[in-house]
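In what follows, chains are A, B, ... by sequence order, proteins preceding strands, each numbered from 1.
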Amino acid sequence: MPFDPLQQEPQIQQRWDEAQAFRAPHASELKPGDKTFYMLVMLPYPSGRLHMGHVRNYTLGDVIARFRRMRGYKVLNPLGWDSFGMPAENAAIKHGIHPAVWTKNNIKEMKAQVQKLGISYDWDREIATCLPEYYRWNQWFFLKMWEKGDVFRAMRNVNWCEALGTVLANEQVVDGKDERTGHPVVQKPMEQYFFAITKYADELLACHDQLDWPENVKTMQRHWIGKSVGARLQFTFTDGKQVPVFTTRLDTLYGVTFMALSTEHPFIKEAAQTDPGLQAFCDQVAGMSREDRLMSDIKLGYRSRLEAVHPFTGEKIPVFAANYVLMDYGTGAVMGVPAHDERDNAFALKYGLPIPKVIESENPWEEGVLVNSGEFTGMTSEAAVDAMVAKLGGSAERAVTFKLKDWGLSRQRYWGTPIPTVHCPACGVVPEKAENLPIRLPEDVAFVGKGASPLTTSKSFLDCACPRCGGPGRRETDTMDTFVDSSWYWMRYLDPRNSEAPFAKAEADAWSPVDLYIGGIEHATMHLIYARYFYKIMRDLGMTEGDEPFKKLICLGMVLKDGFKMSKSKGNIVDPDEVVAHYGSDALRLFMIFAAPIEKEVDWTGFEGIDGATRFLRRLTRMVEDHPLCSDPIPAKDALTAEERALQVKIHQTLHKVTDDLSHRYQFNTLVSSLMELANALGDLPKDAPHRGPIMQRALEIVTLMLSPVAPHLAEQLWNQLGHEGFCMHAAWPECDPQWLTADEVTVVIQVNGKVRGRIMMPASATEDERRAAALACPEAQHHIEGKEIVKVVVPPGGKLVSIVVK
RNA sequence: GCGAAUGUGGCGGAACUGGUAGACGCACUGGAUUUAGGUUCCAGCGGUUCACACCGUGCGGGUUCGAGUCCCGCCAUUCGCACCA
């Protein structure tokens, strides 16, 4: 049977389907001693079309899932849809399609595309976050967290477009204007719901130790969480107001020459009411585009009429409103120490403030010994902090702050999980009763792209009874951030039809935590921190054991086209469907795996690489076709020819390497090249080799088994052609034979003064002295040694090299 | 701006612990087979050079018998920055 993927692949997929080959057992079906492996890929957004990034991600996951099955593991490999979010609502505004219809169509289309790839998903586990059966559990978690005291309401800025009367997402705001209509956008505080994730900040940092994750991801998370140890102290204004300030450098207190408060700080707002100049400055900052505020190093300030009093010297200190002080970090107020803080320094130079030096150290921004600091002069920075806290008495204390902010989850949108609370004139904001869940999204809404959330237009949704007093109430119209959906979805895969709970504890015990999680590096901080947080919440609710949801993490690089991210707007999309229709999925999978190491971005240069993958698969097929089946055993080592022995070594070394790549190194591109090398070696075995039959039989079996995770369809075909019944994917992974792992002879490289001058073949068993002697005797080396003094000869362990140093 | 990463032939990449730079593949060149080819097979393929040899892993320094790999300083590109998912 030739290589004919377009004909064969659908048939093989149908056979797998009929045999339920990918079904994962539930907890009750697992036997004691069963090894389990939970393989997870990040939940995709159903944009409508699959792209190459998905193909890469799912193929990698599938390679691991299939490999683990062959190693005897029970494997759970699910997929679902992150199906709430803005694009559906945008489609509704633009094309008048209901978000639910648009989303459902997209899922259908993308699922069909994924299925053509032959990924071994257990589709019985499929979930979609936009279905009430799913999002009711978001609501359930919200209520549990409310009970736990982990939900609160507070003010935070949103992107407000006055002309549209709408809140906009960051990505909709370009240069301080609505991307679509060009109307100006300002920062406006709005009352919102929050999850108190900062309660878990310390634990999120500490648990990194348990994780087999890339170091760079852990580092990014550490910086994101941003723990700072320092002190909080009160400054008093001349009008008697107390202003708390957090500082990591209390030791520089004598160097304070100004204070800077956020433009959103309540005292600044109050002062602005009687200070038109200050008000204008605050308006200017509120209207600054997000990029400008975040990404420029331009420090802007405005000197208010407020004055603070230095707690030790009693000197009056000017108070500025400044764009670089953030209201949601620390206390929204900083003490300005221009001599010892880089940003304060730039600010002081710009506004002509004094810059007195109070620390003697090598680098002005680092700790040292205090000078010009009254009674504290001469102390080290460390000692001074304790002394100052003591001297300041009740108005100062040691404190810790985090850059991590509490998780604002309110969205003023339709296509998301309704937040299950009720506004009651008598009781205030009241959580819904658990038995009333799910609070369903209403259908009778209009999508116009301006004004408040569409939910505010649905009378049937708005009118409800207060869960506490039973009086008339108004339902909350905010929906949840879609990050809530993706913060626990992998647990729902364990028990997707459960109508009593998000999942049964027994299922969590059987499968959690996830053994390997694969997804994009772009999720390094937000999603992966929220998901870890939710897992700790689930643990604290007694729903699962353990601290961390994802034991091992692999982050993929992006798939680019001509150096750019593939995107509709650039018109550089390569459609996987077209490739599969032309080359079949095995060739696409093989090429995706082979093209680049997984953590690197890969540029989709065109179809030439796939031609190469196809050539390789065709060549293997031909080798199997040309091979007459043989059931003779392979004779003992001594009976084989030198060529046959060398091939046996190559076969088993390759098997060893591929097994290692798949189980430990998680390096996949080299796995493919090893297979190609082995195929080349098999092709070189002479047709008249005396034991060709049994050697080739076993070699082709091993190659087919190793190919199976990457190109599973062809592997099934070849497996049957090699005389085996049943599925290759259910066959056991081959074991390598230790007697064939070491070659009889090795090449020893001879260097003279660091340059390679010769190579000699030596028995692998040669001693260090024998290698040294042979190297010195080698004619090519002699040529470079002659007439010179030998300073030393280095023979490093490993036996592959001798380095001679001459003068 | 802040945080994280990446940089090796014409191209994608390999080199796992500091030890043969360029495995494997693509593209290209020459040859053979074929009625034909998006077929197959053989050979070549970093640069300079007749050769010996020398140069060569983004750039500039350093450590070492030996550096793509380690250290210091730059440059370029990519990802993230809290309402995109």
Side-chain angles (χ1 to χ4, degrees), chain A residues 42-45 47 82 84-87 156 158-159 167-173 192 214-217 219-224 226 290-291 293-298 324 328 343 403-405 407-413 481-483 485-486 520-527 529-530 555 557-558 560 563 565 582 591 594-597 599-603 605-616 618-619 622 657 660-661 664-665 667 669-670 672-677 680 747-756 759 791-794 796-798 800-806:
Chain A
M42 285 184 185
L43 189 67
Y45 181 78
S47 59
D82 189 12
F84 270 139
M86 270 202 331
R156 185 181 282 176
V158 295
N159 299 309
V167 177
L168 296 175
N170 286 337
E171 69 160 12
Q172 296 175 301
V173 183
Q192 311 186 51
E215 271 315 311
N216 61 323
V217 174
T219 306
M220 277 192 259
Q221 293 203 346
R222 248 190 315 273
H223 290 296
W224 183 271
R290 201 173 133 272
E291 288 81 11
R293 214 167 159 185
L294 200 66
M295 290 163 207
S296 88
D297 58 345
I298 304 161
Y324 72 95
D328 43 22
R343 284 171 313 173
K403 215 176 280 165
L404 181 71
K405 296 189 253 183
W407 177 3
L409 64 120
S410 294
R411 299 291 182 269
Q412 291 72 41
R413 291 184 220 295
D481 180 6
T482 53
F483 273 121
D485 308 334
S486 55
I521 183 70
E522 65 273 23
H523 296 291
T525 46
M526 303 185 69
H527 162 62
I529 286 178
Y530 293 147
C555 288
M558 316 261 296
L560 309 174
K565 223 167 157 170
H582 209 116
F591 175 66
F594 181 54
E599 70 281 4
K600 269 193 68 175
E601 59 270 24
V602 54
D603 203 314
T605 43
F607 299 112
E608 294 93 342
I610 296 215
D611 283 330
T614 301
R615 261 199 285 279
F616 172 66
R618 198 184 285 139
R619 188 151 162 242
R622 213 178 317 116
K657 183 183 159 40
D660 191 48
D661 280 352
H664 304 296
R665 285 224 303 164
Q667 185 159 325
N669 54 330
T670 53
V672 176
S673 45
S674 307
L675 284 181
M676 289 173 165
E677 266 185 78
N680 291 345
T747 308
V748 176
V749 170
I750 298 148
Q751 292 184 347
V752 179
N753 284 353
K755 285 189 161 58
V756 176
R759 295 180 170 84
V791 180
K792 66 171 158 177
V793 180
V794 184
K800 278 158 40 181
L801 182 129
V802 176
S803 180
I804 303 165
V805 187
V806 297

- [ ] For nucleotides B:C11 and B:C28, find the distance between their P atoms and express it as a whole number of Å.
- [x] 15 Å
TODO: Mark up nucleotides 15-21 of chain B, 5' to 3', with B wherever a protein heavy atom is under 4.0 angstrom from a base atom, S wherever such an atom reaches only the sugar-phosphate, and - elsewhere.
DONE: SB--BBS
Task: For atom CG of A:Asp328 and atom P of B:C81, their distance in whole Å - done: 15 Å
Open item on the list: With a 3.5 Å limit on both atom pairs, tell me what B:A36 is paired to, counting Watson-Crick and G-U wobble, or say none.
Closed with: none
Open item on the list: Between the base of B:G38 and the side chain of A:His582, is there a donor and acceptor pair under 3.5 angstrom?
Closed with: yes
Open item on the list: For a quick test of reading the model: is some side-chain N or O of A:Asn680 closer than 4.0 Å to OP1 or OP2 of B:G25?
Closed with: yes
TODO: Give a yes/no answer on whether the side chain of A:Asn669 brings an N or O atom under 4.0 Å of OP1 or OP2 in B:C24.
DONE: no
TODO: Report yes if a side-chain nitrogen or oxygen of A:Arg619 is closer than 4.0 Å to either non-bridging phosphate oxygen (OP1 or OP2) of B:C41; otherwise report no.
DONE: yes
Task: A:Ser486 side chain to A:Asp82 side chain, donor-acceptor N/O pair below 3.5 angstrom - done: no
- [ ] Find the partner of B:A53: check Watson-Crick (N1-N3 plus N6-O4 or O6-N4) and G-U wobble (N1-O2, O6-N3) distances, both under 3.5 Å, and reply none if neither fits.
- [x] B:U48
- [ ] Remember a base hit wins even if backbone is also touched, and classify A:Pro214 as base, sugar-phosphate or nothing at under 4.0 Å, heavy atoms.
- [x] nothing
- [ ] Could you work out the separation of B:G31 and B:G22 based on their P atoms and round it to a whole Å?
- [x] 28 Å
Open item on the list: Heavy atoms only, 4.0 Å cut-off, all strands: where does A:Leu404 land among base, sugar-phosphate and nothing?
Closed with: base
TODO: Please state the P separation for the pair B:A4 and B:G73 - nearest whole angstrom.
DONE: 14 Å
Task: Pairing partner of B:C81 (Watson-Crick or G-U wobble, both distances under 3.5 Å) - done: B:G1
Open item on the list: With a 4.0 Å cutoff (strictly under), does any side-chain N or O of A:Arg618 reach OP1 or OP2 of B:U40?
Closed with: yes
- [ ] Can you tell me, in whole Å, how much space there is between the P of B:G25 and that of B:C42?
- [x] 11 Å
I'd like a table of atom pairs between the protein and nucleotides 47-49 of chain B - only N or O on both sides, under 3.5 Å - with the distance next to each one.
none

Short heteroatom pairs, N/O only, protein and nucleotides 83-85 of chain B, under 3.5 Å:
unit_1: B:C83; atom_1: OP2; unit_2: A:Arg411; atom_2: NH2; d: 3.1
unit_1: B:C83; atom_1: O4'; unit_2: A:Arg411; atom_2: NE; d: 3.2
unit_1: B:C83; atom_1: O4'; unit_2: A:Arg411; atom_2: NH2; d: 3.3
unit_1: B:C83; atom_1: O3'; unit_2: A:Asn170; atom_2: N; d: 3.1
unit_1: B:C83; atom_1: O2'; unit_2: A:Asn170; atom_2: N; d: 2.6
unit_1: B:C83; atom_1: O2'; unit_2: A:Asn170; atom_2: OD1; d: 3.3
unit_1: B:C83; atom_1: O2; unit_2: A:Arg413; atom_2: NH2; d: 2.3
unit_1: B:C83; atom_1: N4; unit_2: A:Gln192; atom_2: OE1; d: 3.4
unit_1: B:C83; atom_1: N4; unit_2: A:Gln412; atom_2: OE1; d: 2.9
unit_1: B:C84; atom_1: OP2; unit_2: A:Asn170; atom_2: N; d: 3.2
unit_1: B:C84; atom_1: OP2; unit_2: A:Glu171; atom_2: N; d: 2.8
unit_1: B:C84; atom_1: O4'; unit_2: A:Glu171; atom_2: OE1; d: 3.2
unit_1: B:C84; atom_1: O4'; unit_2: A:Glu171; atom_2: OE2; d: 3.4
unit_1: B:A85; atom_1: OP1; unit_2: A:Thr482; atom_2: OG1; d: 3.2
unit_1: B:A85; atom_1: OP2; unit_2: A:Thr482; atom_2: OG1; d: 3.4
unit_1: B:A85; atom_1: O5'; unit_2: A:Thr482; atom_2: OG1; d: 3.2
unit_1: B:A85; atom_1: O3'; unit_2: A:Asp82; atom_2: OD2; d: 2.2

- [ ] Taking atom CZ of A:Arg619 as the centre, report whether more than 12 heavy atoms of other residues, nucleotides or ligands fall under 6.0 Å from it.
- [x] yes
Task: In B:G12, glycosidic geometry as syn within 90° of 0 or anti otherwise - done: anti
Task: Residue closer to the 5' end of RNA chain B, A:Trp224 versus A:Ala596 (nearest nucleotide) - done: A:Ala596
TODO: Give a yes/no on whether any side-chain N or O of A:Lys600 is located under 4.0 angstrom from OP1 or OP2 of B:U6.
DONE: no
Open item on the list: Applying a 4.0 Å non-hydrogen cut-off, can you work out what A:Ala595 is touching in the nucleic acid: base, sugar-phosphate, or nothing?
Closed with: sugar-phosphate
- [ ] Take atom P in B:G68 and the same atom in B:G62, then report the distance between them in whole Å.
- [x] 15 Å
Open item on the list: Could you tell me how far B:C71 sits from B:U78 if I compare only their P atoms? Round to whole Å.
Closed with: 25 Å
Task: Between B:C52 and B:G58 - P atom distance, rounded Å - done: 28 Å
Open item on the list: Please give the distance between the P atoms of B:G9 and B:G3 as a whole number of Å.
Closed with: 30 Å
Open item on the list: Any strand counts, and the cut-off is 3.5 Å on both contacts for Watson-Crick or G-U wobble. Which nucleotide pairs with B:G10?
Closed with: B:C26
Open item on the list: Strictly below 4.0 Å: does A:Arg615 bring a side-chain N or O up to OP1 or OP2 of B:U39?
Closed with: yes
